[in-house]
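Only heavy atoms go into these numbers, but all of them, side chains included; no hydrogens, no water, no symmetry mates. Bear in mind that the values here come from a model prediction, so they are computed numbers and not experimental data. We number each residue from 1, following the sequence as shown.
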Amino acid sequence: MLTDILHGALIAMVAVAATIGVLFVTRGTALRRVRGVSAGGAPVAPCEPEFAVTVAMLTGGTLLPGTRAELALNGDGTFKRLWADLRSAERFITLQMYYAGPGRVANELAEILAERVRAGVRVLFLYDAFGVSDLPRAYWRALREAGVRAVPFRPLRFRNLWVIQNRAHIRGIVVDGRVGWTGGFGIDDKWLGDGRTPSPGGRDGWRETNVRIEGPAIRQLQAAFAAAWAEATGDLISGSFVNTRLEGGLAAAGVLATAPTLGSTSAERLLALSVAGARERLYITNAYFAPDRAFTGLLVKAAERGVDVRVLVGGPRTDVRAARLAARARYDQLLSGGVRVYEYQPTTLHAKTFVVGSVWASVGTMNFDNRSLALNDEVTLVVLDRDFARQLEDTFHDDLGQAEEIDLATFRARPLLARVAEWGANQVAPLL
């Protein structure tokens, strides 16, 4: 009798734990609307002086003056410059990388890091255990034998089951505390190329937007690495990091590191503030665009108040078909609400950016989906500067020239089977 009671209690505990876990990873955002504290109730806009303070207060991301950021588009605009920065290292290199696979890019990175170690540079490499699963163990063994301290983040083990769904989707590289890199790129050959021409052998030359950083915002990128490194190794790194405010730098910029938490996350608050603060234009480029009902509603409300809201997402060459289907499940509501939607055609779109009113912009690792906003560790560079924002707007318009705009009437005429597939993908969208 007692055995049966204990057995039943154990089953009940497992069922409750499983239910809590499922509810946690599928919970969606706690945010519903954004309101200002003034009599009119209008949220603060990026063009208003209070905006930077509001961002800092509600997300923890401080915008620092004197930071210079340069867009680096696709593999052609990224790897040559990145390799040069790494080869220039004199004191230390820290790398945090979500995705890596075998090929030319991975081999060249290994050669550079090994050479820098021989020159006396300390190299710390933190890689997400899930995202780099395609790389053979021999690759990491060779790096360690060369003197690189390479450590997995949240390895797939039984004792880590409670955080198995929370991945470090971060791409962050810092060289000597003076140069930093982030964006959507990975260490893989599919990022090679111009983002418009499929690579030989059938692998796409992915369309990507990255950013090279100099100045105070690098400290925030370094801090994100230090926190993750401490979790993975137990070692809290410290030292003398360069603290330089550049002349002619940006008006204000910062690296926002986001992480899962109870209630709303800083990533959700950043996105909600940005959408609600738009007054004239809001341009979003996002590889895995699967907003929940609340964020879909915020986008529609922006369009209804006269904002030119445009969203560029992946087209038929997407690497995650379920994510594209989940996005298309929201098209009808977005299009009928005045949001214009485009699908990129030539190659796989992997960029994650937004620009608001030619003044407020973001480039980073954060997708417009529940996984990035609520479950993963992410980083994004946020910039309050007209020149940088206009560059990103120009990039957006260039991409529209390679995209197909979705027409509401045509979309509504799609086959029933497509509707069913989109509905199904939307049900699992919080886990994608």
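Atom CZ of Arg293 has 12 or fewer neighbouring heavy atoms from other residues, nucleotides or ligands inside a 6.0 Å radius. Under a cut-off of 6.0 angstrom, the local environment of CZ in Arg279 is crowded, with over 12 non-hydrogen atoms contributed by other residues, nucleotides or ligands. When the shell of 6.0 Å around CZ of Arg321 is examined, it contains 12 or fewer heavy atoms from other residues, nucleotides or ligands.
For the side-chain contact (heavy atoms from CB on, under 4.5 Å) with Leu63, the lone residue among Val382, Asp385, Val53 that qualifies is Val382. Looking at Thr182, Thr365, Thr265 one by one, the single match for side-chain hydrogen bond (donor to acceptor under 3.5 Å, both in side chains) with Glu378 turns out to be Thr365. When Asp394, Leu73, Leu312 are each tested for a side-chain contact (heavy atoms from CB on, under 4.5 Å) with Asp399, only one passes: Leu312.
Taken from CG in Leu384 to SG in Cys47, the straight-line distance is 9.5 Å, to the nearest 0.5 Å. In this structure, Met366 CE and Leu381 CG are separated by 11.5 Å, a value rounded to the nearest 0.5 Å. Here the CG atom belonging to Leu375 is positioned 12.0 Å from the NE2 atom belonging to His169, to the nearest 0.5 angstrom. Atom-to-atom distance recorded for Asp188:CG and Arg104:CZ is 11.5 Å, nearest 0.5 angstrom. A distance of 3.5 Å separates CG in Asn367 from NZ in Lys352, rounded to the nearest 0.5 Å. The distance from atom CZ of Phe295 to atom CZ of Phe289, rounded to the nearest 0.5 Å, is 10.5 Å.
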Report task. Give the intermediate values and the outcome of salt bridge (charged side-chain N to carboxylate O under 4.0 Å, His left out) for residues Glu108 and Arg87. Result -> CA-CA 11 Å; Glu108 188 157 5; Arg87 289 189 174 101; 3.4 Å; yes
Query - Full working for side chain to side chain donor-acceptor pair (under 3.5 Å) between Asp134 and Tyr139 - result: CA-CA 11 Å; Asp134 288 343; Tyr139 182 86; over 6 Å; no
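Counting heavy atoms from C-beta outward, Leu273 and Trp360 have side chains that stay 4.5 Å or more apart. In this structure, the side chains of Phe153 and Ile170 stay at 4.5 Å or more apart for every pair of heavy atoms. At a threshold of 4.5 Å between non-hydrogen side-chain atoms, the residues Glu70 and Glu214 count as touching. When side chains are defined from C-beta on, Arg171 does not count as touching Trp181, because their heavy atoms never get closer than 4.5 Å. When side chains are defined from C-beta on, Arg207 does not count as touching Pro346, because their heavy atoms never get closer than 4.5 Å. Using a 4.5 Å heavy-atom cutoff, the side chains of Gln96 and Trp229 are not in contact. Within the 4.5 Å cutoff, the side chain of Arg149 has heavy atoms near those of the Thr233 side chain. Looking only at side-chain heavy atoms (C-beta outward), Leu334 and Val311 stay at 4.5 Å or farther from each other.
Under 4.0 Å is where a charged nitrogen must lie from a carboxylate oxygen, and between Arg178 and Asp176 at least one such pair does. Between Glu343 and Arg324 a salt bridge is recorded (basic side-chain N to carboxylate O distance below 4.0 Å).
Formation of a donor-acceptor pair under 3.5 Å by the Arg167 side chain with backbone atoms of Arg154 is found in this model. Looking at Arg330, its side chain does come within 3.5 Å of a backbone N or O of Pro291 through a donor-acceptor pair. Side chain of Arg212 to backbone of Val179: no donor-acceptor contact under 3.5 angstrom is found. Judged purely by atom type and a 3.5 angstrom limit, Gln222 has no side-chain atom pairing as donor or acceptor with the backbone of Thr94. The main-chain N or O of Gln165 is found under 3.5 Å from a side-chain atom of Arg371 such that the two form a donor-acceptor pair. Ser88 contributes a side-chain N or O that, together with a main-chain N or O of Asp85, makes up a donor-acceptor pair within less than 3.5 Å. In terms of modelled atom types and a separation under 3.5 Å, the side chain of Thr347 and the main chain of Gly195 share a donor-acceptor contact. Here the side chain of Thr78 pairs a donor or acceptor atom with the backbone of Asn74 at under 3.5 angstrom. Formation of a donor-acceptor pair under 3.5 Å by the Asp235 side chain with backbone atoms of Ile237 is not found in this model. With hydrogens and angles disregarded, a donor-acceptor distance shorter than 3.5 Å links the side chain of Asn210 to the backbone of Phe185.
Leu325 and Ala425 make their closest contact through CB-CB, 3.6 Å (heavy atoms, listed as atom of the first residue, atom of the second, distance). Scanning both residues, Leu221 and Gly172, for their nearest heavy atoms gives CD1-CA, 4.1 Å. Closest heavy-atom contact between Met97 and Ile173: CE-CD1, 4.2 Å.
Taking the six-membered ring for Trp and thresholds of 30 and 60 degrees, His350 and Trp206 have ring planes inclined between 30 and 60 degrees apart. In this pair, Tyr127 and Phe125 present their aromatic rings perpendicular. The plane angle is above 60°, beyond the 30 to 60° band.
Aromatic rings from Phe79 and Trp191 are positioned such that their centres are separated by 6.0 Å or more.
Between Tyr98 and Asp377, the side chains place no donor N or O within less than 3.5 Å of an acceptor N or O (distance only, hydrogens not considered).
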